[in-house]
Amino acid sequence: MIDKFVRVPNYIALILVASSCFLCARAQKPLVIRPGVTLVVGADEPGPVQKAAEDLAGDFEKVLGKKPAIVQREQDAGASAIVIGGVSRPSGLTAPESFSISADRVKRGGNFHEVVLLTGADMRGTIYAIYEFSQEFLGVDPLYYWTDQQPAHRDSIMIPANLHKVFSAPVFRYRGFFINDEDLLTGWAPGFRDHTGISLAVWDKIYETILRLKGNMVAPGTWIFPDDAQVKLASERGLVITQHHAIPLGLNVARWPADVPYNYSTHPEILERAWKNAVSEYGPNQEVLWTVGLRGLSDVTYASMDPNVRGNNQALGKLITKAIADQMSIVRRVHPDAKFVTSLWQEGARLVQQGDLKIPPEVMTVWADDGYGYLQDNGEVAAGQGAYDHIAMMNGRANQLTEMVPVERSFSEIARYIKAGATQYYLVNTSDIRPVTMSARAVMDAVWKGVPDSADTFYQQWAKEEFGEKAASAIAEIYKEYFKAPAHFGNPVHEYGDQLYHTEARRMLLTYMIDSPLYALPSQAPKWEPPRIVGEGLGRPSAPVARKEWLKTAVEREIQQCGEAQPRWDDVWNKAVAAEALVGPSRLPFYREQVLAMIAISRESNRILYLVSKAIQDADNGRTEQAHSKAVEALKAFDAIQKAEDDAEYGKWANWYRGDWLTGIPRTRELTQIFANYLEDPMTPLAPPVLWDGWEAYYHIMQYEGERSADVQ
């Protein structure tokens with residue numbers, strides 16, 4: 001009986017030891033799964049397992065053309081069944097999140113029935129068994145929602161009769177996405193009706209993606225409240241909720257009341273109340289990995305807001321140490337078994353390395369990278385620690401619209417942490433996911449099952465799976481050359497990301513036009529100062545004289561840097577266009593988004609910054625006609641970007657780039673057009689750069705929050 005088959009102890013061994021020669025003979029034949037297959041999911045299975053089973057039913061429908069019935073009782077199964085069992089069934093699996101996939105024929109009512117058993121050591125192990133079966137035997141891409149990869153239609157699915165695969169516990173204990181600076185997702189799928197920044201339907205797909213990639217946690221947005229709908233939905237999907245470094249205990253400091261002091265030195269009771277209130281806003285049954293620490297409002301160092309510790313690292317470290325202890329006490333009053341993590345973002349790493357910040361041993365220490373994939377532990381990472389990493393980064397210089405961090409770098413750092421035993425935690429900042437689908441697959445696979453032999457192996461496999469065997473080798477080489485094409489700065493090497501081109505172009509254009517002798521401001525007028533760029537930039541103009549010196553240096557630098565990079569970009573582009581002929585028709589739309597649009601945005605943005613720099617140089621030397629010609633040429637480069645983005649907005653992706661508020665290509669184009677007009681007529685009105693500092697994006701991202709502020713009462 002199927003019931004006996006799945007419930008007796010050591011059932012896997014019983015499957016593999018046949019009770020008769022007749023059964024042994026039959027067992028050599030592959031199991032054949034046809035459209036009449038049934039999914040068996042017991043009523044006692046947790047809700048997240050039920051949701052994953054529904055996803056599996058949808059996967060079967062894509063492949064076999066018919067959605068299988070889901071039944072709760074095994075006696076209601078048909079001739080073939082997928083039996084989904086978790087913690088309620090003895091499995092012999094003991095490691096957390098381990099799982100197995102087994103198959104056999106069993107005799108029931110005088111007939112033989114074909115059974116595939118998907119089971120795990122725990123709830124998430126069972127979920128992973130479901131998705132692994134779908135990926136391996138149905139051919140469903142774990143990133144299908146983002147890659148638009150459809151599995152091949154088949155009349156039946158052949159399963160080896162002796163199938164018995166056991167998957168050990170993941171390499172990293174906690175693994176997941178940080179959906180951060182989510183401008184594209186918000187603009188594309190706004191969630192106002194759901195009272196979220198991004199629609200709940202899309203949040204559900206994000207969570208499904210994390211689980212299909214064998215992740216188990218999520219930081220669901222940037223400036224959010226603990227009781228937001230997407231937080232509850234993440235728990236319903238079986239994910240651990242974690243917070244990022246800027247909102248310890250989930251306190252939405254971006255919504256700190258304007259008239260309330262934010263000072264832990266002088267008003268600790270206010271912050272303690274706010275932390276306590278944030279903790280109480282989470283659901284009682286939500287699994288939370290609590291982030292502890294202390295930063296300023298809007299993700300700046302706390303020292304910038306408190307004169308008592310400003311310029312005194314020892315005092316700052318002592319205060320953060322106290323805050324961590326107080327936060328842990330607050331949480332433990334409600335959740336005695338709580339687990340804690342602290343992310344050493346920016347000054348956090350420096351304070352620990354200097355000995356000024358003491359992390360309690362029961363708190364997982366997590367080293368952050370610099371936004372370019374270099375983890376900032378200086379070789380000090382130790383066993384039991386973890387990583388907060390970026391494959392997308394909003395800092396005015398890195399990437400929001402394209403891939404930027406080479407897979408080689410990510411693999412190297414992950415391998416280093418595995419060697420050190422620092423495998424407790426891996427949170428990857430994916431921003432809007434779609435522009436970095438390849439990197440997301442690479443790092444999530446690596447933290448689940450280990451780093452592959454080489455990045456070349458990954459590029460080849462990715463290209464083969466997504467674009468076909470015929471195109472794989474050519475596209476794998478294109479990816480490798482793509483990561484070598486940008487101009488670079490700093491040591492270690494930092495790439496020019498898509499934001500840098502546009503941040504610098506806008507700063508240069510505004511600085512030139514406002515300080516130009518052709519448009520002298522009245523002496524009493526306030527001088528314009530470019531917006532703050534997060535982190536260390538490439539230089540920033542301040543006073544009028546300094547601005548002129550900065551502009552001259554910046555123009556010369558970008559003419560050289562972008563001028564040297566342009567032939568590399570042109571070469572990559574030409575190879576990518578040639579490789580398009582190798583891609584099958586069904587995969588061309590994704591190729592045009594994932595490869596061609598990515599290259600076009602970077603290539604033409606590099607050209608724009610080069611041409612803007614040349615135009616300013618010409619204008620500054622009185623060559624107004626030549627400057628205008630280069631500005632017009634730069635506008636044509638914007639047209640090339642627009643065409644590539646239009647091609648990438650196929651099907652459900654219509655209006656994908658509507659939310660480009662952080663890189664801000666439309667803003668750069670607007671300003672370049674004004675500059676071209678200005679060169680013809682210095683009386684051209686200049687658009688006020690009031691909202692061009694990045695915060696414009698958050699007016700949209702947080703619009704659903706209305707007037708709500710953090711609860712400090």
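Taken to the nearest 0.5 Å, the OG1 atom of T222 stands 9.5 Å off from the CG atom of D299. Between atom CG of residue D141 and atom OG1 of residue T437 there is a gap of 9.0 Å, rounded to the nearest 0.5 Å. Atom CD1 of residue I475 and atom OH of residue Y459 lie 14.0 Å apart, to the nearest 0.5 angstrom. For the atom pair CE of M393 and CD of Q499, the computed distance is 8.0 Å after rounding to the nearest 0.5 Å. Rounding to the nearest 0.5 angstrom, the gap separating the OG1 atom in T668 from the CZ atom in R507 is 12.5 Å.
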Report task. I would like to know whether V381 and L375 meet side-chain contact (heavy atoms from CB on, under 4.5 Å); could you show each step before the answer? Result -> CA-CA 9 Å; V381 66; L375 292 163; over 6 Å; no
**Report entry** Verdict with supporting geometry, E347 and R295, salt bridge (charged side-chain N to carboxylate O under 4.0 Å, His left out)
**Finding:** CA-CA 10 Å; E347 74 280 358; R295 294 212 93 214; 2.7 Å; yes
Report task. Evaluate the side-chain contact (heavy atoms from CB on, under 4.5 Å) criterion for residues I206 and L185: first the C-alpha distance (whole Å), next the side-chain angles of each, then the deciding distance (0.1 Å), finally the verdict. Result -> CA-CA 11 Å; I206 291 170; L185 284 168; 4.2 Å; yes
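Partner D498 forms a side-chain hydrogen bond (donor to acceptor under 3.5 Å, both in side chains) with one of T503, T663, N606 and no other, that one being T663. Of the options L213, N429, I391, a side-chain contact (heavy atoms from CB on, under 4.5 Å) to F177 is made by L213 and by none of the others. Of the candidates E403, Q460, Q594, Y479 forms a side-chain hydrogen bond (donor to acceptor under 3.5 Å, both in side chains) with just one, namely Q594.
Looking at E556 and K552, their side chains come closer than 4.5 Å, going by heavy atoms from C-beta outward.
What you find for A579 and I478 is that their closest heavy atoms are CB-CD1, 3.7 Å. Nearest approach of S343 to Y388, heavy atoms of both residues: OG-CB, 4.3 Å. Taking every heavy atom of both residues into account, S613 and L609 meet most closely at OG-O, 2.7 Å. Closest heavy-atom contact between F675 and Y512: CE1-CD2, 3.8 Å. Taking each heavy atom of S304 and R310 in turn, the nearest pair found is O-NH2, 3.1 Å. Between A455 and E408, the closest heavy-atom pair is CB-CG, 3.3 Å.
We find that R607 and E604 are joined by a salt bridge, their nearest charged nitrogen and carboxylate oxygen being less than 4.0 Å apart. Between K643 and D647 there is a salt bridge, since a side-chain N of the basic residue sits under 4.0 Å from a carboxylate O of the acidic one. A salt bridge between E633 and K636 is absent, with no side-chain N of the basic residue lying under 4.0 Å from a carboxylate O of the acidic one. Checked for salt-bridge contact, K614 and D618 miss the test: no charged N lies under 4.0 Å from a carboxylate O. A salt bridge links D148 with K652; the closest basic N to acidic carboxylate O contact falls under 4.0 Å. A salt bridge between R592 and E580 is present, with a side-chain N of the basic residue lying under 4.0 Å from a carboxylate O of the acidic one. Using a cut-off of 4.0 Å between Lys/Arg side-chain N and Asp/Glu carboxylate O, E413 and R416 are scored as salt-bridged. Using a 4.0 Å cut-off between a side-chain N of Lys or Arg and a carboxylate O of Asp or Glu, R568 and E481 do not qualify as a salt bridge. In this structure, R667 pairs ionically with E696, as a charged nitrogen and a carboxylate oxygen lie closer than 4.0 Å. Salt-bridge check for R409 with E495: passed, with a basic side-chain N closer than 4.0 Å to an acidic carboxylate O.
For the residue pair N621/Q617, the side-chain donor-acceptor check at 3.5 Å is not satisfied. Judged by distance alone, the side chains of H390 and N399 never bring a donor and an acceptor atom under 3.5 Å apart. In this structure, a donor-acceptor pair under 3.5 Å is present between the side chains of S454 and T457. In this structure, a donor-acceptor pair under 3.5 Å is absent between the side chains of T511 and W550.
Evaluation of the side-chain contact (heavy atoms from CB on, under 4.5 Å) rule for R658 yields P190, N655 as partners, not counting sequence neighbours.
Taking the six-membered ring where tryptophan is involved, the planes of F178 and H244 are essentially parallel, since the angle between them stays under 30° and well short of 60°. Between F638 and H502, the angle of the ring planes lies from 30° to 60°, which puts this pair in the tilted group.
The 12-atom threshold is exceeded at NZ of K205, counting heavy atoms of other residues, nucleotides or ligands nearer than 6.0 Å. The environment of E469 atom CD is sparse: at most 12 non-hydrogen atoms of other residues, nucleotides or ligands sit within 6.0 angstrom. More than 12 heavy atoms of other residues, nucleotides or ligands lie within 6.0 Å of CD in E380, so this atom counts as buried by the packing criterion. More than 12 heavy atoms of other residues, nucleotides or ligands sit less than 6.0 Å from atom CG of D681.
For W188 and Y657, the ring centers sit 6.0 Å or farther from each other.
Side-chain atoms of Q149 come within 3.5 Å of backbone atoms of E465 as a donor-acceptor pair (strictly under, hydrogens ignored). Side-chain N or O atoms of R350 include none that pairs as donor or acceptor with a backbone N or O of N313 at under 3.5 Å. The backbone N or O of M444 lies less than 3.5 Å from no partner atom in the side chain of R175, so there is not a single donor-acceptor pair.
Judged by a 6.0 Å distance limit and a 45° cone about the ring axis, R434 is positioned over the six-membered ring of Y650.
Within the structure, side chain to side chain donor-acceptor pair (under 3.5 Å) pairs that include any residue of residues 484-494 comprise D370-H494 (at least two apart or interchain).
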